[in-house]
Amino acid sequence: MDASLSLTFPDGAKRPFPIGITGAAIAGGISPSLLKRTVAMALDGEVRDLSDPITADARIEFINREDPRALELIRHDCAHVLAEAVQELFPGTQVTIGPVIENGFFYDFHREQPFTLDDLPVIEKKMREVIARDRPFTKQEWSRYKARSFFETKGEAFKVELVDAIPADQTLKMYAQGDWIDLCRGPHMTSTGKVGNAFKLMKVAGAYWRGDSSKPMLTRIYGTAFARQEELDAHLKQIEEAEKRDHRKLGREMDLFHFQDEGPGTVFWHAKGWTMFQELIAYNRRRIRRDYEEVNAPQILDKSLWETSGHWGWYQENMFAVKSAHAFMNPKDESADQKVFALKPMNCPGHVQIFKHGLKSYRDLPIRIAEFGIVHRYEASGALHGLMRVRGFTQDDAHVFCTEEQLEAEIMKINDLMMSVYRDFGFTEVVVKLATRPEKRVGTDAMWDHAEAILRKALGRMEAESGGAIKTGVNEGEGTFYGPKFEYTLRDAIGRDWQCGTTQVDFNLPERFGAFYIGSDGEKKQPVMVHRAIVGSLERFLGIIIESHAGHFPLWLAPEQVLVCPITSDADAYAERVTEAMLAHGLRARADLRNEKINYKVREHSLAKVPVIIAVGKREADETTVTVRRLGSQAQTVMSLADCIASLTDEATPPDLKRAKAALAGG
RNA sequence: GCCGGCGUAGCACAGCGGUAGUGCAGCGGUUUUGUAAACCGAAGGUCGGGAGUUCGAUCCUCUCCGCCGGCACCA
């Protein structure tokens with residue numbers, strides 16, 4: 001008799017089994033129906049093929065399709081089914097990889113003629129056939145040689161490359177589903193039928209082999225799958241909802257901004273969008289007034305300055321160069337001014353120049369220079385995306401020049417400010433990641449060691465002192481060419497993550513530009529420079545605000561706060577009086593005196609997402625009251641004009657001012 | 001930049017080898033209205049730019065530009 005092992009079941013029962021018994025045998029031994037509904041098992045919490053022989057004592061759980069842990073298997077199996085379907089339909093198509101991703105899976109194929117959207121329904125149909133065949137997934141271990149020659153014979157060049165890339169000490173696992181077989185790490189469910197029908201192919205896209213733009217481009221087919229149809233439907237519905245709050249769509253509908261062909265990646269801010277933009281700047285300006293000096297540096301500067309900073313060398317492809325139009329058109333004309341300027345892609349060199357102007361003492365430090373700096377970067381055409389990725393944008397930028405001793409305190413101070421700003425905009429979940437030295441960089445390793453050590457220490461403090469609001473991590477090799485940085489990522493109302501803030505420690509630019517201060521010993525000292533942006537790009541941040549609120553802005557940000565609508569023209573004069581009173585109290589109010597029914601106006605202003613609609617008729621005029629209707633509610637509230645203004649002005653007070661008011665009131 | 005798709009009136013969309021329609025908005029009139037669309041009328045477009053094929057191109061081909069979905073990139 002074989003030696004035995006002991007398995008612990010979820011109910012706590014321990015039972016002995018012969019070594020090498022499979023999960024399937026155990027499940028089948030308990031009951032045929034258990035075996036039937038089990039798609040995989042977990043040994044000590046690790047998901048495994050049900051057919052795996054068990055070789056040691058463990059906790060065993062049987063996983064059915066509805067188990068949350070099965071979702072990944074369903075998606076992964078679905079990717080295999082997709083690959084089989086594609087190869088059956090389109091012989092000669094090469095397979096590469098097909099991983100599970102957030103919300104679904106994809107599979108990358110190589111085919112002379114890339115797939116298009118029209119191919120998806122056909123492929124889906126074939127997938128349903130493959131699933132209906134319900135072939136078991138069977139695992140085999142192959143030698144490297146066998147796998148390599150197998151794929152070579154089939155003309156699967158990419159798979160050959162994958163086989164070669166697997167470390168020599170690892171075994172090669174092949175999963176067969178009927179006649180179709182693929183190199184795969186596993187695990188899989190018991191058969192293709194377990195994938196079910198709650199799947200959908202979503203889109204096709206190009207993707208570079210191994211994520212490398214110098215390598216061939218493959219066709220990626222994205223799909224998603226769920227255990228049950230209702231979950232798939234809910235997911236599709238959610239995508240639809242997300243599309244409705246797309247800032248590009250809302251920007252058009254709400255008349256906030258537009259783009260046009262002549263200015264790719266640059267924003268035409270309309271009055272309403274610009275109102276929000278200015279409100280954002282005003283807020284940020286109030287937040288920095290105490291500690292920073294706000295400056296404004298030139299938009300174009302001689303290219304030599306950018307050579308000194310290193311940007312010209314590292315980022316030339318992404319910079320706009322500027323010459324006189326005459327010189328541009330007549331590059332050979334030596335009598336013309338052929339000087340080349342760069343449209344600034346960053347504010348730091350400008351701020352260094354301001355720092356350098358005049359002798360600085362150690363007593364002056366830290367010097368914090370802020371600018372709502374408009375920068376231009378020539379982003380790749382394919383990178384442009386509404387307000388989220390543009391070629392001209394405004395940074396809430398600042399540079400702190402300080403001593404090394406002051407550095408950590410400055411970083412923590414910046415962190416406090418950032419967290420406070422994010423809270424004011426309703427973002428409470430923040431992830432801060434330390435991005436360490438990249439391959440392409442300037443400065444000595446000693447410098448980097450030092451800078452990273454300081455940031456690491458600060459990172460630990462941030463997490464510890466945040467009371468759980470900050471989670472931290474490390475992005476190896478993701479730092480800037482001149483220094484390591486923190487990246488602040490916010491999670492919005494619908495769970496999407498946005499990288500906004502950044503704090504960068506820089507020992508290099510001050511040196512390159514020869515910036516110094518006079519130390520207490522009378523000697524010249526080099527300051528440390530900290531680059532920081534809180535919301536990053538104001539354009540982008542507004543895009544995030546638009547999407548996370550789906551256009552239903554908090555009152556203080558709403559471009560139009562109040563619309564006053566008379567019921568009939570008899571109340572026009574009163575409506576104007578109400579509007580004037582609101583305007584006088586700083587509210588953004590407007591009277592709608594058009595000859596339209598109240599129904600029409602309510603509908604129109606509701607669709608325009610105006611937060612407050614006020615209707616006034618004879619009744620209100622006689623009593624100096626207003627009838628208030630709030631966006632998102634059908635309720636009508638009658639109140640005195642004075643009360644209404646008092647409550648709206650309070651609500652429209654920006655969060656920072658509200659805090660100050662409350663502090664005052666609290667004594 | 002790369003792969004695929006798309007580009008028709010301010011917006012949302014039809015259409016198609018014989019130079020274009022619908023709805024909403026806008027404009028003119030009628031209507032004075034109590035909380036999500038009153039009625040009537042007239043008007044509005046070198047069908048993204050350029051070139052080619054054709055007797056004839058919004059439609060087919062090429063090319064450029066832009067946008068969309070991804071990939072790559074993001075100081």
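Side chains are part of it too, since the values below use all heavy atoms of this structure and drop only hydrogens, waters and symmetry mates. A, B, ... follow the sequence lines: proteins, then strands. Residue 1 opens every chain. These numbers come from a predicted model, not from an experiment.
Judged by a 6.0 Å distance limit and a 45° cone about the ring axis, A/R391 is positioned over the six-membered ring of A/Y378. A/Y222 carries A/K203 over the face of its six-membered ring, with the cationic atom under 6.0 Å from the centre and within 45° of the normal. The side-chain tip of A/R512 does not point at the ring of A/F481 from less than 6.0 angstrom away and within 45° of straight on.
For B/rU22 and B/rC40, the P atoms lie 15 Å apart once the distance is rounded to whole Å. Taking atom P on both nucleotides, B/rC39 is separated from B/rG26 by 14 Å, rounded to a whole Å. Taking atom P in both B/rA20 and B/rU33, the straight-line distance is 45 Å, to the nearest Å. One P atom belongs to B/rG48, the other to B/rA9, and the distance between them is 8 Å to the nearest Å. Distance check on atom C1': B/rC13 versus B/rC6 gives 14 Å, rounded to whole Å. Comparing the C1' positions of B/rA57 and B/rG15 gives a spacing of 15 Å, expressed to the nearest Å. Going from the P atom of B/rA37 to that of B/rA25 covers 12 Å, rounded to whole Å. Distance check on atom C1': B/rG18 versus B/rC24 gives 31 Å, rounded to whole Å.
Using a 4.0 Å heavy-atom cutoff across all strands shown, A/T627 reaches at least one base atom of the nucleic acid. The residue A/T116 sits close only to the backbone: its heavy atoms come under 4.0 Å of sugar-phosphate atoms, none of a base. Across all strands, A/S381 comes closer than 4.0 Å to base atoms (heavy-atom distances). Heavy atoms of A/I567 sit under 4.0 angstrom from at least one base atom. No engagement by A/F259 is indicated, since no non-hydrogen atom pair under 4.0 Å with the nucleic acid exists. Contact annotation for A/K618: base contact, defined as any heavy-atom pair under 4.0 Å involving a base atom. Residue A/G211 is in sugar-phosphate contact alone, with no base atom involved, counting any heavy-atom pair closer than 4.0 Å across all strands shown. Base engagement by A/A205 is indicated by at least one non-hydrogen atom pair under 4.0 Å involving a base atom. Note on A/N318: a base of the nucleic acid sits closer than 4.0 angstrom, heavy atoms only. At the heavy-atom level, A/Q260 lies nowhere under 4.0 Å from the strands shown. In this structure, A/S213 reaches the sugar-phosphate backbone alone: every heavy-atom distance under 4.0 Å involves primed, P, OP1 or OP2 atoms, never a base. Nucleic acid contact for A/L218: none, since no nucleic acid atom lies under 4.0 Å from a heavy atom of the residue.
In this entry the distance linking CG of A/D261 with P of B/rG50 reads 14 Å, nearest Å. In this entry the distance linking NE2 of A/H605 with P of B/rA36 reads 13 Å, nearest Å. Rounding to whole angstrom units, CG of residue A/L593 and P of B/rU33 are separated by 16 Å. To the nearest angstrom, C1' of B/rC71 lies 16 Å from CZ of A/R210. For the pair A/I613 CD1 and B/rA37 P, the interatomic distance rounds to 12 Å; values are reported in whole Å. The interatomic distance linking A/I221 (CD1) with B/rC3 (C1') rounds to 13 Å, in whole Å. Rounded to an integer number of Å, the gap from A/Y315 OH to B/rC73 P is 12 Å. Nucleotide B/rU30 holds its P atom 18 Å from the OH atom of A/Y600, rounded to whole Å.
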Which is it for A/R630 and A/E651 under the salt bridge (Lys or Arg N to Asp or Glu O under 4.0 Å) test, yes or no, and what are the steps along the way?
CA-CA 13 Å; A/R630 298 299 303 245; A/E651 184 182 340; 2.9 Å; yes
Stepwise ring pair (Phe, Tyr, Trp, His ring centres under 6.0 Å) test for A/F90 and A/F115
CA-CA 10 Å; A/F90 308 97; A/F115 298 107; 5.1 Å; yes
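Put simply, A/S569 has no side-chain N or O that comes within less than 4.0 Å of OP1 or OP2 on B/rU32. At least one side-chain nitrogen or oxygen of A/R252 sits closer than 4.0 Å to the OP1 or OP2 atom of B/rA12. Considering only side-chain N and O atoms, A/R630 lies nowhere under 4.0 angstrom from the phosphate OP1 or OP2 of B/rU35. Between A/K597 and B/rA36 there is no side-chain polar atom (N or O) within less than 4.0 angstrom of OP1 or OP2. Listed pair A/R220 / B/rG69 fails the phosphate criterion, with no side-chain N or O lying under 4.0 Å from OP1 or OP2. The shortest distance between the side-chain N/O atoms of A/H385 and the OP1/OP2 oxygens of B/rC74 is not below 4.0 Å.
Of the nucleotides present, B/rC71 is the one that pairs with B/rG1 by Watson-Crick or G-U wobble criteria, both distances under 3.5 Å. Base pairing annotation: B/rG56 forms no Watson-Crick or G-U wobble pair, as no partner gives both donor-acceptor distances under 3.5 Å. Here B/rU46 sits opposite no nucleotide as a Watson-Crick or G-U wobble pair (both hydrogen-bonding atom distances under 3.5 Å). Under the Watson-Crick and G-U wobble criteria, each requiring two contacts below 3.5 Å, nucleotide B/rC39 is paired to B/rG29. Pairing for B/rC6 is with B/rG66, a Watson-Crick or G-U wobble pair whose two hydrogen-bonding atom distances lie under 3.5 Å. For B/rU61, the paired nucleotide is B/rA51, the pair qualifying as Watson-Crick or G-U wobble because both relevant distances are below 3.5 Å.
Among B/rG4, B/rA75, B/rG69, the nucleotide with an atom closest to any side-chain atom of A/Y482 is B/rA75. Nearest to the side-chain atoms of A/Q636 among the listed nucleotides B/rU35, B/rC71, B/rG34 stands B/rU35. Distance from the side chain of A/P264 is smallest to B/rG66 among B/rU35, B/rG66, B/rA36. Checking B/rC68, B/rA75, B/rG34 against every side-chain atom of A/R248, the shortest atom distance belongs to B/rC68. Side-chain atoms of A/R389 lie closest to B/rC74 of the nucleotides B/rC2, B/rC74, B/rU35.
Between the side chain of A/R629 and the base of B/rA36 there is at least one donor-acceptor pair of N/O atoms closer than 3.5 Å. Interface remark: the A/Y208 side chain does form a donor-acceptor pair with the B/rG1 base, using a distance-only criterion of under 3.5 Å.
Looking at A/M388 and A/H247, their side chains come closer than 4.5 Å, going by heavy atoms from C-beta outward. Inter-residue side-chain proximity for A/E487 and A/V432 is flagged as unmet; no heavy-atom pair is nearer than 4.5 Å. When side chains are defined from C-beta on, A/D119 does not count as touching A/V204, because their heavy atoms never get closer than 4.5 Å.
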